[in-house]
Q: 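Let me give you the structure first, and then I'll get to my questions.
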Amino acid sequence: MIVLYHYNQLTKDVKHTALYISLDFSLNACILLFVIELRNFVRNIRPYKPGKPIEEVVRELGITDEVVKLASNENPLGPSPRAMHAMTQKLGETNLYPDDNCFYLKKKMSEKFGMHTENIIVGSGSVELIELIFKAYVNPGDEIIMSDPSFIMYRIACQIFGGNRIAIPLDNYSHNIDAISRAINHKTKIVIIDNPINPTGTIIQRDAFQNLIDKVPDHVILVIDEAYREYITDDCYPDTLAHLPDHKNLIVLHTFSKIFGLAGLRVGYGFSSTDIISALMKVRLPFNVNLIAQIAAAAALDDDAFVQKSVNNNEAGKKFLYRELERIGLKYTPTYGNFILTHFSQEAKDIFLHAQKKGIITRTVVEYGLPNSLRITIGTPQQNKRLIEVLTQIT
Ligand SMILES: Cc1ncc(COP(=O)(O)O)c(C=O)c1O
């Protein structure tokens, strides 16, 4: 920051601590270059890098073809129709603040999931809930166990709150539950696990989850982030909510950003014991979930037809992409989510850039330590076909 000051205005402290460039001492004026000191943790944060928005790619590359975004694991079928209808009914009420406690939405969730409303929290996306967990519980130096790679927000939250990140390498693109359990000690505050993992799409199954939860002591919070859970129809996926009554230290996170197609509204929700939920409620800002988002999310919860249609689209897309990726000689990690981690024999950045020029936005995962891979969202049949055409040309 550059500030013009009269030299005589400066206190002794400022004269000693700030860098200043004298302009003209005869005029008694100088320019002070204030270096505003950041907290140490902030200096080291590498900010979250979202998938490129379509408008940005169109603007930068001047593309006239329809641009397809397969970068952020959004629902390619659009928003839940029930949610859209409900939103339009409420537009005329946006002069009012939203319900601070999300009463109606929590009531719906309570009915759907068989939980008390005191065991539910709603946030501006599940990323807000991740932040609240760290904000409420992490003291500088507390150990936070997570897989490496796993959803990048865990690492960022850890840096923001000064946690000591204990990164457990994946084993063949999957969580290494034994290593995670072994890393827990008296300094551990949180174990945070995405199931499925973003960016690999693998899951921990029922038995492995049981194994893990049995080993997490009561003083450690176990966060299971199930952002993609609705895509998984397989019986092997753990029923984490069933463990809540016996494990007061368990937090389960869900979101409306993925299968419900409401990423732009920012609604995530979490379940836990009343103690944890009330702690998280204390550290959130008021009105953290907007009025339209609350109404849309409540309506989306009833949209079983849309959820089913989205699961079907995802399953069909997955089959098509597996077959076509194999045909063109590309390796991939089989997924439980709505995205496929695709592997190349060289750095994937050029492939990403070429695909982008052709109007297909994918996602590099360099910051996840995977420079030779791209994370690609499963699209509509037409989008998947275009993706394969482009990959065929450039690989
Ligand atoms: C594992 C995981 N958790 C959470 C999120 C963020 O979800 P939200 O949009 O609810 O903040 C994502 C988004 O990509 C994710 O992959």
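Residues take their numbers from the sequence shown, with the count starting at 1. None of these values were measured; they are calculated from a predicted model. Every number for a ligand or one of its atoms is a count from 1 in the order of the listing. Only this structure's heavy atoms are used, side chains among them; waters, hydrogens and symmetry mates stay out.
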Q: If we only count N/O pairs under 3.5 Å, is Pro196 in contact with ligand 1?
A: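 The answer is no, given that Pro196 and ligand 1 share no N or O pair closer than 3.5 Å.
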Q: Please write down residue, atom name and distance for the protein heavy atom closest to atom 12 (C) of ligand 1.
A: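 Protein heavy atom at minimum distance: Phe151 CZ, 3.5 Å.
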Q: With heavy atoms only and a cut-off of under 4.0 Å, state how Ser126 meets ligand 1: side chain, backbone, both or neither.
A: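 Contact part for Ser126 vs ligand 1: both backbone and side chain.
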Q: What part of Asp225, side chain from CB on, backbone N/CA/C/O, both or neither, has a heavy atom under 4.0 Å from ligand 1?
A: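 Side chain only; the backbone of Asp225 stays clear of ligand 1.
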Q: Give the atoms of ligand 1, by number and element, whose distance to some non-hydrogen atom of Arg266 is under 4.0 Å.
A: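 Under 4.0 Å from Arg266, ligand 1 has these atoms: 8 (P), 9 (O), 11 (O).
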Q: Salt bridge or not between Arg229 and Asp239? Use side-chain N to carboxylate O under 4.0 Å.
A: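 No.
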Q: Any side-chain donor-acceptor pair under 3.5 Å between Thr377 and Glu74?
A: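 No - no donor-acceptor pair under 3.5 Å links their side chains.
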Q: I need the Arg375 CZ to Leu70 CG distance, nearest 0.5 Å.
A: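 If we round to the nearest 0.5 Å, Arg375:CZ and Leu70:CG are 11.0 Å apart.
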Q: So if I apply the ring-ring contact (aromatic ring centres under 6.0 Å, His included) rule between Tyr228 and each of Phe339, Phe260, Phe151, which one comes out positive?
A: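 Between Tyr228 and the candidates, ring-ring contact (aromatic ring centres under 6.0 Å, His included) is satisfied uniquely by Phe339.
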Q: Quick check: does Thr255 get an N/O under 3.5 Å from an N/O on ligand 1?
A: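 For ligand 1, there is an N or O atom that lies under 3.5 Å from one belonging to Thr255.
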Q: For ligand 1, note which part of Lys258 has a heavy atom under 4.0 Å away: side chain, backbone, both or neither.
A: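 Contact part for Lys258 vs ligand 1: side chain (C-beta onward).
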Q: Could you check whether Thr333 and His343, counting side-chain N and O atoms only, form a donor-acceptor pair closer than 3.5 Å?
A: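 Judged by distance alone, the side chains do pair up.
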Q: Will you find, in the side chains of Lys106 and Asn101, an N or O donor that is under 3.5 Å from an N or O acceptor?
A: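 Lys106 vs Asn101: donor-acceptor pair found between side chains.
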Q: So for ligand 1, is Asp194 a polar contact partner (N or O within less than 3.5 Å, distance only)?
A: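 Looking only at distances, the answer is no, because the N/O contact criterion of under 3.5 Å is not met.
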Q: Can you tell me how far the CD atom of Glu131 sits from the OG atom of Ser124, to the nearest 0.5 Å?
A: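 Glu131 CD to Ser124 OG: 10.0 Å, rounded to 0.5 Å.
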Q: For the 3.5 Å polar cut-off, considering only N or O atoms, please tell me whether Asn198 and ligand 1 meet it.
A: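 Between Asn198 and ligand 1 (N or O atoms, distance only) the closest approach is under 3.5 Å.
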Q: Counting each atom of ligand 1 from 1 as listed, which ones have a heavy atom of Ser257 under 4.0 Å away?
A: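 Listed by number with element: 8 (P), 9 (O), 10 (O).
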Q: When you look for heavy atoms under 4.0 Å from ligand 1, do you find them on the side chain of Tyr228, its backbone, both, or neither?
A: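 For Tyr228, the contact with ligand 1 is made by the side chain alone.
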Q: Are Arg386 and Glu389 close enough for a salt bridge, meaning some N to O gap below 4.0 Å?
A: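 Salt bridge: no.
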